[in-house]
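Quick note: numbers below take in every heavy atom, side chains included, and nothing from hydrogens, waters or symmetry partners. Whatever order the structure lists ligands and atoms in, that order sets their numbers, starting from 1. Predicted, not measured: the structure shown is a model, and the values here were computed from it.
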Amino acid sequence: MAKPLRGLALPLDALLPSPLTGSSEPTAMSQTASRTMPLDDPARSAAFEARIAAGESIEPKDWMPERYRRQLVRMMSQHAHSEIVGMLPEANWITRAPSLRRKVALIAKVQDEAGHGLYIYCGAETLGVDRSELVQQLLDGRAKYSSIFNYPTLSWADMGIIGWFVDGAAIVNQTILAKASYGPYARAMIRICKEENFHKRQGYEIVATLANGTPAQKAMVQESVNRWWWPTLMMFGPSDANSPNTAELIRWKVKRKTNDELRQRFINLTVPQAIAVNLTLPDPDLEYNAETEDWQFGAIDWDEFNEVIRGNGPCNRERLEARRAAHDDGAWVREAASAYAAKQRAKQASAAA
Ligand code: BYC
């Protein structure tokens, strides 16, 4: 049996017609699923592929292959979780921001990330999944979120580097996702990218200030660059040769560029920015290729990446514990909101009676 698709409550077998599972007999799970889910019929699939080929946007009420829907739920839920978990490393520094101006900007940025998570969870819900289920998968440790948020924030310079590198990488990735074939995801990306641009600028401003500061400040920001550079490159995912989802997502125009293409674009944009503030990127193999106009770079440590996404990064445990505590602390808010909604429904029902 295929392994469960990460982030989903059911194994993949339960979601696909039995021929795709390699068995001629429907499994118990696929029989259950077929009662509740329409199977992809060839005529509809062909019409869907034609819409994709014509560059049309797919909207929630449109017919879509079950596999397309599942891929989007996987990707969007991981993305939403990343936004929410991504609040934690920076939130740790709000109380230690060096000035009121920096504190205000950092609070606003962290709050923006919560908003990004909400837009994307809402987008995922248009695919027929329940947000509370997705959140439960995160809290249970069954869902993935971006590897980058499993690294610690050890100095104030890390606030600058996260804005410059991490939000910068997110912009490169999300500007392209703003052209994704699924309408709600693409539209969420447009607003998110606008906000990410502010985030990147506030980060780069912190970095430039420190890089032009005292020798101690310059050393602090260089040390932060050294720690974050390689994990940031890993944000773009495994190399294309080892990316099981890319080919299908490119075919369906969810992804418009591959992991390696986006990683290269990020490097090409970031190297000149590092040179401008006199900081050194920790890669002795970094070299400009005038023919391809790319900055060639050294080998990424994929063992480290795989360990982090398996849950063994420096802060995986701490991040999930923080999310679980926040979820428990927020129980009263969810209860109050449900009670209020029930009251409103009762009022409307008695007014209509
Ligand atoms: N970390 O076949 P592949 C932000 C997984 S937050 C963890 O290439 P795909 C911010 C991948 O999921 C914005 N896992 O996958 C917030 C797959 O696993 P499953 C974060 C990773 O989907 C706060 C497996 O590896 N951005 O900006 O084609 C403060 C094979 O990979 C990672 C997004 O979420 C990773 N880095 O491509 C500051 C972008 N990479 O599901 C800033 C949206 C890969 O098969 N997502 N995996 O078990 C995407 O663009 C794509 O999903 C990815 C991966 C490029 C990440």
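- Among Ala91, Ala170, Ser147, the residue whose heavy atom lies nearest to atom 35 (C) of ligand 1 is Ser147.
- Residue contacts with ligand 1, taken as heavy atom pairs separated by less than 4.0 Å, involve Asn173 solely via side-chain atoms from C-beta onward.
- Both Trp63 and Tyr182 are assigned to one and the same hydrophobic cluster, defined by single-linkage of ILVMFWY side chains at heavy-atom distances under 4.5 Å.
- Note on Phe48: it does not cluster hydrophobically with Ile250, by side-chain heavy-atom contacts below 4.5 Å among ILVMFWY residues.
- Contact atoms of ligand 1 toward Leu249: 28 (O) (distance under 4.0 Å to a heavy atom of the residue).
- The closest approach between any non-hydrogen atom of His116 and ligand 1 is not below 4.0 Å.
- Residue-level proximity to ligand 1 for Phe305 is carried by the side chain, the only part with a heavy atom below 4.0 angstrom.
- For a threshold of 3.5 Å applied to N or O pairs, the pair formed by Lys109 and ligand 1 contains no separation below that value.
- At a 3.5 angstrom cut-off on N or O pairs, Glu113 does not count as close to ligand 1.
- Residue Asp167 has no nitrogen or oxygen atom sitting less than 3.5 Å from a nitrogen or oxygen atom of ligand 1, judged on distance alone.
- At a 4.0 Å heavy-atom cut-off, ligand 1 does not touch Leu262 at all.
- At a 4.0 Å cut-off, at least one heavy atom of Tyr185 sits close enough to ligand 1 to count as contact.
- Under 4.0 Å from ligand 1, the heavy atoms of Asn259 that appear belong solely to its side chain.
- Within ligand 1, the atoms closer than 4.0 Å to a non-hydrogen atom of Ile309 are 1 (N), 7 (C), 14 (N), 25 (O), numbered from 1 in the order shown.
- Inter-residue side-chain proximity for Met220 and Leu210 is flagged as met; some heavy-atom pair is nearer than 4.5 Å.
- Linking ILVMFWY side-chain heavy atoms closer than 4.5 Å, directly or via other members, places Ile171 and Ile206 in two distinct hydrophobic clusters.
- Side-chain contact check for Leu88 versus Val110: every heavy-atom pair is 4.5 Å or farther apart.
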Exercise. Evaluate the side-chain contact (heavy atoms from CB on, under 4.5 Å) criterion for residues Leu177 and Tyr185: first the C-alpha distance (whole Å), next the side-chain angles of each, then the deciding distance (0.1 Å), finally the verdict.
Key: CA-CA 8 Å; Leu177 284 176; Tyr185 196 20; 3.5 Å; yes
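- For a threshold of 3.5 Å applied to N or O pairs, the pair formed by Lys255 and ligand 1 contains at least one separation below that value.
- Of all the atoms in ligand 1, the ones that sit under 4.0 Å from a non-hydrogen atom of Gly86 are 23 (C), 29 (C).
- Between Arg310, Arg74, Met189, Met235, it is Met235 that holds the heavy atom closest to atom 56 (C) of ligand 1.
- Shown in contact with Glu196 at under 4.0 Å from a heavy atom are these atoms of ligand 1, numbered in order with element: 27 (O).
- Follow the hydrophobic side-chain contacts under 4.5 Å out from Leu118 and you never reach Ile190; the two are in separate clusters.
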Practice problem: Step by step, work out the salt bridge (Lys or Arg N to Asp or Glu O under 4.0 Å) result for Arg102 and Glu205. | Solution: CA-CA 10 Å; Arg102 294 289 189 217; Glu205 197 214 351; 3.2 Å; yes
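- Note that CZ of Arg265 is 8.0 Å distant from CG of Asn268, once rounded to the nearest 0.5 Å.
- Those atoms of ligand 1 that come under 4.0 Å of a heavy atom in Gln174, given as number and element, are 13 (C).
- Polar contact check, Glu90 against ligand 1: no nitrogen or oxygen pair lies under 3.5 Å apart.
- Ligand 1 places these atoms under 4.0 Å from at least one heavy atom of Gly237: 40 (N), 44 (C).
- Phe165 has its ring centre no less than 6.0 Å from the ring centre of Trp228.
- In the candidate list Phe165, Phe236, Tyr145, Phe149, Phe236 is nearest to atom 55 (C) of ligand 1, counting heavy atoms.
- Of the listed options Thr246, Ile162, Asn245, Asn245 places a heavy atom closest to atom 2 (O) of ligand 1.
- Residue contacts with ligand 1: His199 is excluded, as none of its non-hydrogen atoms falls under 4.0 Å.
- Under a 4.0 Å heavy-atom criterion, Met76 is not in contact with ligand 1.
- Tyr121 pairs with exactly one of His81, Glu83, Met76 by the side-chain contact (heavy atoms from CB on, under 4.5 Å) rule, that one being His81.
- Residue Phe266 forms a side-chain contact (heavy atoms from CB on, under 4.5 Å) with just one option from Asn173, Val172, Val271, and that option is Val172.
- Looking at Ser181 and Ser57, their side chains never come closer than 4.5 Å, going by heavy atoms from C-beta outward.
- The hydrophobic cluster containing Ile94 does not contain Phe198, counting ILVMFWY residues as joined when their side-chain heavy atoms lie under 4.5 angstrom apart, directly or transitively.
- Judged by the shortest distance from any of its heavy atoms, Gln71 lies outside the 4.0 Å radius around the atoms of ligand 1.
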